[in-house]
A.B. asks: 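The structure that follows is given in the form of structure tokens.
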There are 2 protein chains.
Amino acid sequence: MTEDMKIDHFTDDMRLMAGEAAALMKSLSNQARLMILCQLVGGEHSVAALEKNLNTKQPNVSQQLARLRMEGYVQARRDGRTIYYSLADDRVISVIKNLHATFCPT
Amino acid sequence: MTEDMKIDHFTDDMRLMAGEAAALMKSLSNQARLMILCQLVGGEHSVAALEKNLNTKQPNVSQQLARLRMEGYVQARRDGRTIYYSLADDRVISVIKNLHATFCPT
DNA sequence: GGGTAAATATATCAATATTGATATGTGTAA
DNA sequence: TTACACATATCAATATTGATATATTTACCC
């Protein structure tokens, strides 16, 4: 592999991927959303359970969840009046785990 | 490790880390910035070289670079009239490489 | 069934931030 | 002193944010 084989030209495909990746980054760029997703790595949680850990109000949690749901990063399941959220995208799991490894000390 | 040892409570320290991670995510949430950083994984590049691959104008590239520089994610080196940029934060490298692995097919 | 409370969702909105474009400034080489 | 490589200033358009208010869905009790 020669030196000039390094990435110094982006194909349309690569631009597309960069766009998708940037979109995911945008979803993770909010502390509340990031913490929500971080919790969901440990399994599904109800809205109330998620709310307890963020110091924000319920409507805000629901708003962030609605956004993550629209983007396909989480999914919802209803049981009675409780709604449980869980991760729905492997790429999200991958990125969150990597963030945890790089930002959280042992 | 018992089931209830999973993350269902955030310490102040964890909130801090989440904030920092979210800040990095915000920097990566722009396609141009993401592509710039992606190129820089392969080593330092001049502004003109970076510009060639993004379809945006020079001032925009410089603006994004200025932001990344202020945040400490990249560093600049002058040689004559050319300025070479390179990555300055290991966490950025880690995240970018992970993104490449998850988003870019072999 | 009617009424009420719990759990969550949606609507709206003002404040603030981000975006990329245009114009102009700065430093260096020839 | 002209051109090249890059930086900065400014600005209008657009997007994001979290807050408040209200609606929806389900459970429960009478």
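Each chain gets a letter, A, B and so on, in the order the sequences are listed, and its residues count up from 1.
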A.B. asks: Rounded at 0.5 Å granularity, tell me how far CD1 in B/I36 sits from CG in B/N30.
C.D. replies: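 Here the rounded value is 8.0 Å.
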A.B. asks: Quick one: list whatever passes salt bridge (Lys or Arg N to Asp or Glu O under 4.0 Å) with B/R78, sequence neighbours left out.
C.D. replies: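 Applying salt bridge (Lys or Arg N to Asp or Glu O under 4.0 Å) to B/R78 gives none.
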A.B. asks: Strictly below 4.0 Å, heavy-atom distances to any atom of DNA chain C: list the hits from residues 63-73 of chain A, or just say none.
C.D. replies: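 Contacting residues: A/Q63, A/R69.
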A.B. asks: By the salt bridge (Lys or Arg N to Asp or Glu O under 4.0 Å) test, which pairs, at least two apart or in different chains, include something from residues 18-31 of chain A?
C.D. replies: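 Output for this query lists A/E20-A/R91.
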A.B. asks: Name all residues meeting the side chain to side chain contact (heavy atoms under 4.5 Å, CB included) criterion together with B/S46; count only those two or more places apart in sequence or in a different chain, and write none if there are none.
C.D. replies: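 Partners of B/S46 under the side chain to side chain contact (heavy atoms under 4.5 Å, CB included) test: B/A48, B/A49, B/T82, B/Y84.
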A.B. asks: Distance criterion of 3.5 Å, no angle test: do you see the side chain of B/Q58 paired donor-to-acceptor with the base of D/dA7?
C.D. replies: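 It does, because a donor-acceptor pair links the side chain of B/Q58 to the base of D/dA7 below 3.5 Å.
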A.B. asks: Considering every strand and a 4.0 Å limit on heavy-atom distances, what is the contact class for B/Y84: base, sugar-phosphate, or nothing?
C.D. replies: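 If one applies the 4.0 Å heavy-atom cut-off, B/Y84 turns out to touch nothing in the nucleic acid.
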A.B. asks: What residues form a side chain to side chain contact (heavy atoms under 4.5 Å, CB included) with B/Q63, not counting sequence neighbours?
C.D. replies: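 With sequence neighbours excluded, B/Q63 shows a side chain to side chain contact (heavy atoms under 4.5 Å, CB included) to B/N60, given in chain and number order.
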A.B. asks: Taking side chain to side chain contact (heavy atoms under 4.5 Å, CB included) as the definition, give me every residue that meets it alongside A/E71, ordered by chain and number, with sequence neighbours left out.
C.D. replies: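 Expected list: A/S27, A/R67, A/L68, A/Y73.
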A.B. asks: Taking side chain to side chain donor-acceptor pair (under 3.5 Å) as the definition, give me every residue that meets it alongside B/S29, ordered by chain and number, with sequence neighbours left out.
C.D. replies: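 B/S29: no side chain to side chain donor-acceptor pair (under 3.5 Å) contacts found.
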A.B. asks: Can you sort out the partners of A/R81 under side chain to side chain contact (heavy atoms under 4.5 Å, CB included), two or more places apart, ordered by chain and number?
C.D. replies: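 A/R81: no side chain to side chain contact (heavy atoms under 4.5 Å, CB included) contacts found.
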A.B. asks: Measure the CG-CE distance between B/N53 and A/M14 for me, rounded to the nearest 0.5 Å.
C.D. replies: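 These two atoms lie 8.5 Å from each other.
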A.B. asks: Provide the full list of salt bridge (Lys or Arg N to Asp or Glu O under 4.0 Å) pairs with a residue in residues 37-48 of chain A, sequence neighbours left out, each pair given once.
C.D. replies: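 Qualifying pairs, neighbours excluded: A/E44-A/R77.
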A.B. asks: If you assign A/K26 and A/T56 each to the DNA chain D nucleotide with the nearest heavy atom, which residue ends up on the more 5' nucleotide?
C.D. replies: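 That would be A/K26.
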A.B. asks: Mind jotting down which residue pairs meet the salt bridge (Lys or Arg N to Asp or Glu O under 4.0 Å) criterion with at least one end in residues 51-65 of chain A? Sequence neighbours excluded, please.
C.D. replies: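 Salt bridge (Lys or Arg N to Asp or Glu O under 4.0 Å) check on residues 51-65 of chain A returns no pairs.
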A.B. asks: May I ask you to evaluate whether B/Y85 reaches the phosphate of D/dA7, defined as a side-chain N or O under 4.0 Å from OP1 or OP2?
C.D. replies: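 Indeed, a polar side-chain atom of B/Y85 lies that close.
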A.B. asks: Base, sugar-phosphate, or nothing: which does A/S62 touch, judged by heavy atoms less than 4.0 Å apart?
C.D. replies: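 Contact class for A/S62: base.
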A.B. asks: Check the interface with nucleotides 25-30 of chain D: list each N/O to N/O pair with the protein under 3.5 Å, or write none.
C.D. replies:
none

A.B. asks: Does anyone know the first and last nucleotide of DNA chain C in reach of chain B, 5' to 3', at under 4.0 angstrom to a heavy atom?
C.D. replies: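 Both ends considered, the range comes out as C/dT18 to C/dA29.
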